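Order of the sequence lines fixes the chain letters, A, B, ..., with proteins taken first and strands second; residue numbering starts at 1 for each chain. Predicted, not measured: the structure shown is a model, and the values here were computed from it.
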Amino acid sequence: MPDLDDPYKTLGVKRDASQDAIRKAFRKLAKKHHPDLNPGNAKAEELFKNASNANELLSDPEKRGQFDRGEIDAVGHERQPTYREQADGEAGRRYSRASGQPSEWSDDALSDLFGSMFNDVRRPAEARRAPGHDERFSLTAEFLHAVTGATNRLTLPDGRVLDVKIPAGTLEGQVLRLQGQGGAGYSGGPSGDALIEIHIAPHAFYTRSGQDIRLDLPVSLAEAVLGGEILVPTPTGPVRMKIAPGSDSGTELRLRGRGVPAHGPQLAGQLYVKLRVVIGAPDTALEEFLRSWKPEHPSNPRQAMEKK
Amino acid sequence: MKIDFVVAQMPGVQRPDLERWILNEWVKPDAGCGDYEFCEIDVARARLIRDLRDDLDVNEEALPVVLLLLDQLYDLRRRLHDISAAIDQTVPMDVLADLVGHLAKRKRDSGDWQPLPTSR
């Protein structure tokens, strides 16, 4: 069913059809629906009339122009603009209910429609300049590196390599800040920092509490009974230490200043050495001696545990 | 356009009707030298009010609400036109294609956007 409101559709031509095409389209329709060829057919008569009207309008360049611009309707009457046509355009601002200056895209208008989507975009690049985010990494340091200080190489997930200077006396969980090694800045802002959380791997024989270091030191039976000078490993190298004759297993000796070295305001810590007597492999001579041995002061080492 | 001319070409509207609408600020022609000067939109709006009242049975008590909602709707439509023009001017073709693709996907995913079944 042809659209009566649109003479182009009535004739079945495109809006940019040439005058020649319009004429041809009309002739084709006219031949088909002409009343003389369809006597008594009211529908054909109407279709013919519609085609005639459409042809009349479109074949007149002036009228066709007026129709194209929306000034007249398909029947040639002056067309009254609908409210929508008016209100959708600039003229519609006259009846705007928006507060403030209705023609402007104020920040309020933007955030009213889009939330915070445009907040950042509206500010000039200067104002958006911001330092990059800090990035956190963790690094497990060797026990002795954390005690005496060292430089460790850390490969980041993005492939960058950082040389992390671990200061002497670094504690478990301590965070080192590497300035400018974090996320890139925004709009020319400075980079963020890399925050490196240090974890300390346990040591085979040292343990640490704060500035002090403890060490279980195995000694032979002879060293424990007879005493003498023995070589004790410390984080900064072995030192000689005298042990008294008759030192029992569990005796704790202190090596002053041989713990964590002094750093900053911290004084050097102590190295506490706990003796642990090691009997060693079975020894026939020792066994024979002990069988015949009469202690000078016999005693029961478990006396304190026995019930009274 | 003067008020008499407007009334003359608007069947079903008497001059007192139009003057009352102006007083209620439903229609806002320019007022100069004690006479009103109507723009096309003022005439279209008067015709809209007449159609609402006479054809759609929106009585004059309900009209302010209807007009308020319509005005907000057109505010929004103008803003959308602005945005659409701004997008047209600024957004690169590939981003535009992404945008259209995203909207089309949304349309498919959301039941709200399904076309209504055609009634016979």
Side-chain angles (χ1 to χ4, degrees), chain A residues 1 3-5 63 65-125 127-128 186-187, chain B residues 1 5-13 21-22 24-31 36-53 55-56 58 63-87 89-91 99:
Chain A
M1 165 114 190
D3 188 342
L4 280 186
D5 294 337
K63 279 190 181 169
Q66 284 178 322
F67 176 83
D68 286 347
R69 290 189 297 274
E71 291 166 5
I72 56 172
D73 63 18
V75 200
H77 289 151
E78 197 176 318
R79 220 175 125 273
Q80 293 171 324
T82 66
Y83 185 68
R84 164 162 294 190
E85 284 165 340
Q86 291 290 312
D88 266 349
E90 280 302 306
R93 304 210 187 279
R94 179 186 282 259
Y95 290 99
S96 170
R97 303 284 180 140
S99 57
Q101 192 58 256
S103 62
E104 277 178 13
W105 276 96
S106 65
D107 284 349
D108 282 350
L110 279 173
S111 56
D112 183 38
L113 279 178
F114 300 107
S116 58
M117 195 168 121
F118 287 107
N119 280 3
D120 283 349
V121 185
R122 285 296 283 262
R123 279 185 282 145
R128 273 186 281 135
Y186 301 97
S187 302
Chain B
M1 279 171 273
F5 180 80
V6 174
V7 170
Q9 60 163 338
M10 206 175 300
V13 174
W21 297 349
I22 294 169
N24 291 343
E25 296 190 332
W26 298 345
V27 182
K28 299 176 185 172
D30 294 321
Y36 293 117
E37 180 62 39
F38 284 74
C39 297
E40 279 200 342
I41 187 168
D42 303 321
V43 178
R45 193 172 169 94
R47 208 180 299 122
L48 168 75
I49 294 173
R50 179 202 63 189
D51 292 347
L52 285 171
R53 186 189 68 180
D55 300 341
L56 300 172
V58 178
L63 254 171
V65 177
V66 174
L67 290 176
L68 173 66
L69 294 176
L70 272 177
D71 291 342
Q72 290 184 42
L73 177 70
Y74 281 114
D75 278 341
L76 199 59
R77 284 178 59 90
R78 280 194 303 277
R79 292 221 180 280
L80 284 174
H81 289 313
D82 282 359
I83 292 165
S84 144
I87 287 175
Q89 293 281 311
T90 58
V91 174
L99 197 70

**Prompt:** Which bit of B/V43 is near chain A, if near means a heavy-atom gap under 4.5 Å: side chain, backbone, both or neither?
**Reply:** neither
**Prompt:** Which atoms form the tightest heavy-atom contact between A/Y95 and B/K28, and what is the distance?
**Reply:** OH-N, 2.6 Å
**Qualifying residues under side-chain hydrogen bond (donor to acceptor under 3.5 Å, both in side chains), relative to A/Q86, sequence neighbours excluded** = B/E40
**Request:** Considering only heavy atoms and a distance below 4.5 Å, find which of B/Q9, B/R45, B/Q72, B/H81 pairs most often with chain A.
**Result:** B/R45
**Message:** Tell me every residue that passes side-chain hydrogen bond (donor to acceptor under 3.5 Å, both in side chains) with B/R50, counting only those two or more places apart in sequence or in another chain.
**Reply:** none
**Message:** Report which part of B/D51 has an atom under 4.5 Å of a heavy atom belonging to chain A: side chain, backbone, both, or neither.
**Reply:** neither
**Message:** Need one label for B/L48: side chain, backbone, both or neither, based on atoms under 4.5 Å from any heavy atom in chain A.
**Reply:** side chain
**Prompt:** What part of B/R47 gets closer than 4.5 Å to chain A, counting heavy atoms only: side chain, backbone, both or neither?
**Reply:** side chain
**Asked** Under the 3.5 angstrom rule, does the side chain of A/Y83 hit a backbone N or O of B/I49 as a donor-acceptor pair?
**Response** no
**Prompt:** Where does B/L70 contact chain A at under 4.5 Å (heavy atoms): side chain, backbone, both or neither?
**Reply:** neither
**Prompt:** Minimum heavy-atom separation for B/D71 to A/R97, with atom names?
**Reply:** OD2-NE, 2.7 Å
**B/R78 side chain to A/G92 backbone, donor-acceptor under 3.5 Å** = yes
**Asked** Heavy-atom distance under 4.5 Å to chain A: side chain of B/L80, backbone, both or neither?
**Response** neither
**Non-hydrogen atoms of A/S96 and B/D75 that approach each other most closely** = OG-OD1, 2.9 Å
